[in-house]
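Everything below concerns the one structure shown next.
Please read these numbers as outputs of a predicted model, since none were measured by experiment. Residue indices begin at 1 and follow the sequence shown.
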Amino acid sequence: MQGVFFMKRDPQHSGSNMIFQAMFAIITPALISGAIAERISFTAYSLFVLLWSTFIYTPLAHMVWAKGGFLGLYGGLGALDFAGGTVVHISSGVSALVAAIVLGPRKTYPNRLSPPHNVPFILLGAGLLWFGWFGFNAGSALASGGLATIAFVTTNTSAAALTWLILEKVLRGKPTAVGAATGAVAGLVGITPAAGFVTPLAAILIDSITAFICFYAVSFKHKIQIDDALDTYPVHGVGGTVGAILTAIFATTTVNAAGKDGLLKGNWNELLVELAAIAVAYVVAGVGTFIILKIIDATVGLRVQEQAEVQGMDINEHGEEGYNEEFGDRISISSK
């Protein structure tokens, strides 16, 4: 949707649209950082963001949103992605999974895992994300009006946090605040590609189904012991994939005449188109990320030294600590 609006809008608006698009471009590689926390060097990550944004994100964004893009609505296969399910969440999730595998686990994983550092901060962060998501999803209409309102409402109409809490209560005995935050984010991921193409009722179903599948994806990740520190792939990669598929099922031109009807409206072909777009995003993000990481590893290196990782990267990489603790109290390699 976004790319074609960029082509059609008056030139005086191109600057504001450019910076709006830039926000998508910077938040996407930022999501990847959650999977590789506490072990990649700052230099390597900074270089990774530059290369990944240029050679992975930009081509995918063009393929989906630009006029004449290979995958998009305007001259392409006709994939539906209103605000970044494929471009942002699948690409970052898949790249996060590849990066976590290439870097390997933290030295303390899985024997000594840290509990959530600050639950109120987690809830605050989830709230800020939810609020910011309105800007991304509703803003993707690129104009105030009915379409922006629909995208705003479908983004806010989320049963995902409740779904996650129910699953925790039934399967683990206790619902958690961290689980509610994770479920809310999973639902927001799921509705992102569909926000401007589905009804609010469909949004509730999309959010709940996405949260349900992401819940089990997180559990499976722990079972196979991939050190994706903040569950980036199970939430963003899996959530984006599920959301894209469900978009092809629930989409209706009654909501957005510029979109397409989905499977429930008799358009089976749209599901095949969406699956093809998902496959392309997986290949581009996965293969591209692997190549970029190998190049960085062969030049500046990827990981910090083991002593720096165990002692803490704040003091070693930046010469500061978030809480002014005496870093000498931390365990060292020699004390193991």
Side-chain angles (χ1 to χ4, degrees), residues 27-28 31 34-35 79-94 96-97 126 129-130 132-134 136-138 140 150-171 175-176 178-222 228 230-252 255 262-264 270-271 274-275 277-279 281-282 285:
I27 196 63
T28 309
L31 295 173
L80 299 173
D81 187 357
F82 191 77
T86 304
V87 177
V88 175
H89 296 292
I90 290 179
S91 66
S92 63
V94 171
L97 178 62
L129 274 174
W130 198 325
W133 230 293
F134 295 143
F136 279 115
N137 285 8
S140 290
I150 282 289
F152 193 112
V153 171
T154 55
T155 300
N156 194 52
T157 307
S158 175
L162 179 60
T163 301
W164 200 285
L165 289 173
I166 292 172
L167 288 169
E168 284 189 324
K169 177 63 176 177
V170 172
L171 299 176
T176 66
V178 174
T182 305
V185 172
L188 289 165
V189 171
I191 197 58
T192 293
F197 298 120
V198 302
T199 65
L201 178 58
I204 294 175
L205 295 174
I206 290 172
D207 291 341
S208 296
I209 294 169
T210 302
F212 182 88
I213 295 175
C214 286
F215 181 90
Y216 283 98
V218 170
S219 299
F220 182 72
K221 184 218 73 170
H222 289 300
D228 177 348
L230 298 182
D231 299 330
T232 305
Y233 179 72
V235 174
H236 293 276
V238 173
T241 303
V242 173
I245 293 172
L246 294 177
T247 300
I249 294 174
F250 290 103
T252 171
V255 169
L263 187 148
L264 292 182
E270 186 56 31
L271 181 58
E274 209 65 45
L275 290 172
I278 291 169
Y282 266 72

Enter the distance from [X]:[atom1] to [Y]:[atom2] here, rounded to the nearest 0.5 Å.
{"X": "L205", "Y": "T157", "atom1": "CG", "atom2": "OG1", "answer": "11.5 Å"}
{"X": "F215", "Y": "L165", "atom1": "CZ", "atom2": "CG", "answer": "10.0 Å"}
{"X": "L129", "Y": "F136", "atom1": "CG", "atom2": "CZ", "answer": "9.5 Å"}
{"X": "L246", "Y": "S208", "atom1": "CG", "atom2": "OG", "answer": "10.5 Å"}
{"X": "T210", "Y": "H89", "atom1": "OG1", "atom2": "NE2", "answer": "11.0 Å"}
{"X": "I249", "Y": "L264", "atom1": "CD1", "atom2": "CG", "answer": "6.5 Å"}

Do [X] and [Y] have side chains that approach each other closer than 4.5 Å (heavy atoms only, starting at C-beta)?
{"X": "N156", "Y": "W130", "result": "yes"}
{"X": "V185", "Y": "W133", "result": "yes"}
{"X": "T28", "Y": "S91", "result": "yes"}
{"X": "K221", "Y": "L97", "result": "no"}
{"X": "T192", "Y": "V88", "result": "no"}

Shortest non-hydrogen contact from [X] toward [Y]:
{"X": "A211", "Y": "L167", "value": "O-CD1, 4.5 Å"}
{"X": "N137", "Y": "A195", "value": "ND2-CB, 3.9 Å"}
{"X": "P234", "Y": "C214", "value": "O-SG, 3.3 Å"}
{"X": "A244", "Y": "P193", "value": "N-CG, 3.8 Å"}
{"X": "W164", "Y": "A186", "value": "CZ3-CB, 4.4 Å"}
{"X": "T86", "Y": "A281", "value": "CG2-CB, 3.5 Å"}

[X] side chain to [Y] backbone, donor-acceptor under 3.5 Å:
{"X": "E274", "Y": "L80", "value": "yes"}
{"X": "E168", "Y": "T176", "value": "yes"}
{"X": "D81", "Y": "V87", "value": "yes"}
{"X": "D228", "Y": "T232", "value": "yes"}

*For a side chain to side chain contact (heavy atoms under 4.5 Å, CB included) with V198, tell me which candidate from T252, V255, I206 qualifies.*
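So, applying the side chain to side chain contact (heavy atoms under 4.5 Å, CB included) to V198 and each of T252, V255, I206, only I206 qualifies.
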*With D207, which of T154, T155, L162, I191 fulfils side chain to side chain contact (heavy atoms under 4.5 Å, CB included)?*
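The passing option is I191.
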*For this output row, return yes or no: ring centroids of Y216 and F212 closer than 6.0 angstrom.*
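Ring centroids of Y216 and F212 are less than 6.0 Å from each other.
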*Take the angle between the ring planes of F197 and F82 and call it parallel below 30°, perpendicular above 60°, tilted in between.*
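Geometry flag for F82 against F197: perpendicular rings.
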_Distance-only side-chain donor-acceptor flag, Y233 / S92, under 3.5 Å_ =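 Judged by distance alone, the side chains do not pair up.
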